[in-house]
Amino acid sequence: MEKNYEPHNFESQIYQNWLNKKYFRATINKNKKPFTIIMPPPNVTSKLHMGHAFQQTIQDIIIRRKRMQGYEALWLPGTDHAAIATESMVCKKLEKQGLTKEMLGREAFLKEVNAWYDEYKGTIIDQFKTMGYSCDWDRLAFTMDEQNNKAGRWVFVHLYKKGWIYKGKRIVNWCPHCKSSISDAEVEFKEVPSHFWHLRYQIEGTNDYLELATTRPETLLGDSAVAVNPNDERYKDLVGKNVILPLVNRPIPIVADDYVEMDFGTGVVKITPAHDPNDFEVGLRHNLEVIKILNDDATLNDKCGKYAGMTREQAREEIVKDLEKAGNLVKIEDYSHNVGHCERCKTIIEPLISSQWFVKMSEIKKPAIKVVEEDKVHFVDEQYKKTYLHWMYNLNDWCISRQLWNGHRIPIFTCQDCGEVICEMEDPTICPKCGSKHLAQEQDTLDTWFSSALWPLSTLGFPDKKEDLAYFYPTDVLVTAREIINLWVARMIFSGLEYYGDIPFRDVVINGIVKDAQGKKMSKTLGNGTDPRDVIKNYGVDILRYSLFNGISINMDSKFSEKKVELSRNFLNKVWNASKYVLMQLEGKEVKTIDKVKLNLADKWIISQVNDLIESVDRKFDKYDIGMAESELGDFFWSKFCDWYIELSKTDMSGENSEATIATLNYVLTSLLKLLHPFIPFITEKIYLELPMHEESIVISKWPEKVRNFEVEEKEMEEIMEIINAIRNARNEKNVPDNKKISIEILPLNNNKLFEISANYIKKLCIASDVKIIEKEESSTNAISLIFNDCKVFLPLESLVDSKEEKGRIEKEIEKTKFEINRSQKMLGNPGFVAKAPKNLIDAENEKLKRNTELLAKLEKELASF
RNA sequence: GGAAGUUUAGCUCAGCUGGGAGAGCAUCCGCCUUACAAGCGGAGGGUCAUAGGUUCGAGCCCUAUAACUUCCACCA
């Protein structure tokens, strides 16, 4: 093995070998249980960022352990076509050439889009491979590939025939500049200073007025009601009456609706169903007329009389003037509020009514609610179960049509001659009703989430390949982000249930966000992000992977910093060096398994510790607490294995029973490498293959299992460790530098054999020239004495010993012990505690009391000798 | 506006069904001890956000408050 840890020398080489050996390939294997993860597909044109590195590595860690545990482990990768983002990028590119998509036409435009995909496709996949991800690359999927198209078509036809797809009206975000509807995600809300215009409408048949406030007086022309809260005492009597809409002199009703907040404004709202999403909803509930008053470019249309042709800004000005003249304007207040802007052109968007396609949700959502309520689909973080259910209970019909060209075109054809609507698996060429060949397909495409919702099904071959589906589906765990619980997770659940009759996954893990060192979200515009590609370049993949998880909970947001990368580098370097040491010890020796040798005390201790570790790490893994599992492994490796065991083993290595130590070193290192492998796959493989006993690759090696514990020896070793700590402490207190050896005398009071066995451990770790086991106490005037329950330790430090100081030290020990005794006595004297506390706690407390009482006696006797 | 999360050492975070406040980094002291100075040994450092409550016992459970973060909605 090379002297220094140089990850770049072997990481990519090792990965290539894994690919060649097809370790990540998963096929139906009746002798194994499957374990499946479907990757949430990253945008096909994206580049690796910290969010990917974090989320995908979580999955790699999970799947690698399962593979080692003997499951047929499938991690199925894929990419997303990201319709909106791509369409907007391609449009921008065209714009630079002075073109628009309309100038190209649909077909040519889609060619451009595909060229764009081809150009960027693969970058993100290559970067995932660099990260060491153990995906079955043969199954790489794309949300626009054939299987997905087919699944989408199947589902659409299925829903259509069931009568669950329909065309309806809805308010969309309309950009008057782009002359297109845009999705909610493309709307930027910005705080804009404006006014609150207080208006008064005359109540029909009276001289009374109703006062209301609005930020958009120009939409008054499209008003079809005013609304108040049904519980509002001020207006209760007016509900059902009419007011006269000023300027147009049209009577409109006063309706009662919960949407209105009593203590906002005057508690009265004008309702414009055609130009406000909330008003539209109110309109539906009260069956109100929908009056569209705007053209596509946001000028007022011909229904607006003298205002027709004005822009919305001009109209606002004119209408306010006219209202003032007519005596309907009460006052103008300053008011600033959020206004939606087009992300691309920054124009203020206009909510407009238009025709859209919908999926009826009332039936399809029912089983999806049930499986989560019953935890058949289990959100590992309970809080998200609430998020999900809250959304599902209030779920309205799903608008699936988008006015984009990129994406899955809605497979509905209308006969231009007889009006017959056709929706089948194959594109029709003639009308089945009238035989006409004049068929027109819908222009709109489907919401990206429509196909994403089928991801676990389509990637496994739905609706065709029933075998893979039967074996790998339902998948085991979904790892995804908080903000798409409703958009994606929910839709996969009802889709799986409706189209295949089973849940798509059993566990849902929602991962946190990786933020910068200050706790700010990493963003391109802020430029505060760390690029994982830079970390890989400078430190290697394992170090990046390790740094992402050390000491964090994956469900919470974490902070990433260069500092953490350095700490990780230090750890991996430690792993390298410790392994190098172990390999040196094993070289040229016959290495036996630990059940074939007579183990030393330290060997038994570390073996017990490793077995506890395996249990604990497994427990954490099973709770998806992988950040904590990593930290525990790191701590164990560094402190228990390196600082304690390797140091202790050095004394046994030079003894006659070194074969046990060799066996133990081999066993412990092998186990630790395997446990660490899911986190840091490359370095562990590199070292593993150097070990004398190894399988073909650590990737397919067997995950460690608990073998045996040595309870007695574990306790004994820990007692010795406690003594070692106390001696080291005394050395430092007396300022004895580490380059000066001391001599140590031990007077056993109990278990004499233990001290004979351990003398060399103490000698080595306390930097002693010799450790003498004595039978009788000698004069202690020139020695420091340390009192334990089972022994006394003397450090004859001659001139450094000050009998006054020694007396003080013993007195301090006595104080401490008395305090402990007092504490125990108080607790045990408390009738409430004795009556209510669990028995094991009371027993433990009694035991402590006993030991401390004995210790106190010894200490007091020691003090008396001064 | 609605909901959720966080608040523990100077920093980053652990702390299991309530039962003596932990780790790493940083700081200070001492060491080139034959795997590792990117290292080894040791030490100091905390009113567990605040105020109440439940309990024999609260970092943990309940109530309120504050600050920060996130998600959803976008409100006349």
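Each chain gets a letter, A, B and so on, in the order its sequence line appears, and its residues count up from 1. No hydrogens, no waters, no symmetry mates; every other heavy atom, side chains included, goes into these values.
- No contact: A:Phe636 has no heavy atom under 4.0 Å from any strand.
- Comparing the same atom, P, in B:A66 and in B:G24 gives a spacing of 38 Å after rounding to whole Å.
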Watson-Crick and G-U pairing of RNA chain B written in dot-bracket, each distance under 3.5 angstrom, with | for inter-strand partners = (((((((..((((.....[..)))).(((((.......))))).....(((((..]....))))))))))))....

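- The phosphate of B:C40 has OP1 or OP2 within less than 4.0 Å of a side-chain N or O from A:Trp638.
- Between A:Lys386 and B:A3 there is no side-chain N or O to OP1 or OP2 distance below 4.0 Å.
- Counting non-hydrogen atoms under 4.0 angstrom, A:Glu647 reaches a base of the nucleic acid.
- For the pair A:Asn739 and B:C32, the criterion of a side-chain N or O lying under 4.0 Å from OP1 or OP2 is met.
- Between the P atom of B:A76 and the CG atom of A:Asp232 lies a distance of 18 Å, rounded to the nearest Å.
- Side chain A:Arg823 to base B:G20: a donor-acceptor pair is found below 3.5 Å.
- No engagement by A:Trp197 is indicated, since no non-hydrogen atom pair under 4.0 Å with the nucleic acid exists.
- What separates CH2 of A:Trp644 from C1' of B:C40 is a distance of 13 Å, to the nearest Å.
- Counting non-hydrogen atoms under 4.0 angstrom, A:Ser553 reaches the backbone sugars and phosphates but no base.
- Applying the 4.0 Å criterion to OP1 and OP2 of B:C16, one finds that A:Lys623 has every side-chain N and O outside that range.
- Among the heavy atoms of the strands, none lies under 4.0 Å from A:Asp279.
- When the side-chain nitrogen and oxygen atoms of A:Arg482 are compared with OP1 and OP2 of B:C71, none of them lie within a distance under 4.0 Å.
- Within 4.0 Å (heavy atoms only), A:Asn729 reaches sugar-phosphate atoms of the nucleic acid but no base atom.
- Atom P of nucleotide B:G20 and atom NZ of A:Lys816 are separated by 17 Å, given to the nearest angstrom.
- In this structure, A:Ile742 and A:Ile744 approach most closely via the heavy-atom pair CD1-CG1, 4.1 Å.
- Among the atoms of the strands shown, none is found under 4.0 Å from any heavy atom of A:Arg731.
- Residue contacts for A:Pro831: at a heavy-atom cut-off of 4.0 Å it reaches no nucleic acid atom on any strand shown.
- No engagement by A:Asn735 is indicated, since no non-hydrogen atom pair under 4.0 Å with the nucleic acid exists.
- When heavy atoms are screened at a 4.0 angstrom cut-off, A:Asp643 is found touching the sugar-phosphate backbone but no base atom.
- Contact annotation for A:Leu567: backbone-only contact, meaning every heavy-atom pair under 4.0 Å involves sugar-phosphate atoms and none involves a base.
- A donor-acceptor pair is defined here as one N or O able to donate and one able to accept, closer than 3.5 Å; no such pair exists between the side chain of A:Asp625 and the backbone of A:Phe621.
- Here the separation of B:G15 from B:U7, taken at their C1' atoms, is 15 Å to the nearest Å.
- Counting all heavy atoms, side chain and backbone alike, A:Thr215 lies closest to A:Trp197 at O-CZ3, 3.5 Å.
- One atom, CD of A:Gln383, and another, C1' of B:U70, lie 10 Å apart when rounded to the nearest Å.
- Contact between the side-chain N/O atoms of A:Lys521 and the OP1/OP2 oxygens of B:C71 is found at a separation under 4.0 Å.
- OP1 or OP2 of B:A76 lies within a sub-4.0 Å distance of a side-chain N or O belonging to A:His337.
- Counting to the nearest Å, the C1' atom of B:G20 and the CG atom of A:Leu828 are 13 Å from each other.
- As judged by a 4.0 angstrom heavy-atom cut-off over every strand, A:Ile513 is placed among residues making no nucleic acid contact.
- Distance, A:Lys564 NZ to B:A26 P: 15 Å, rounded to whole Å.
- Going from atom NZ of A:Lys836 over to atom P of B:C56 covers 4 Å, rounded to whole Å.
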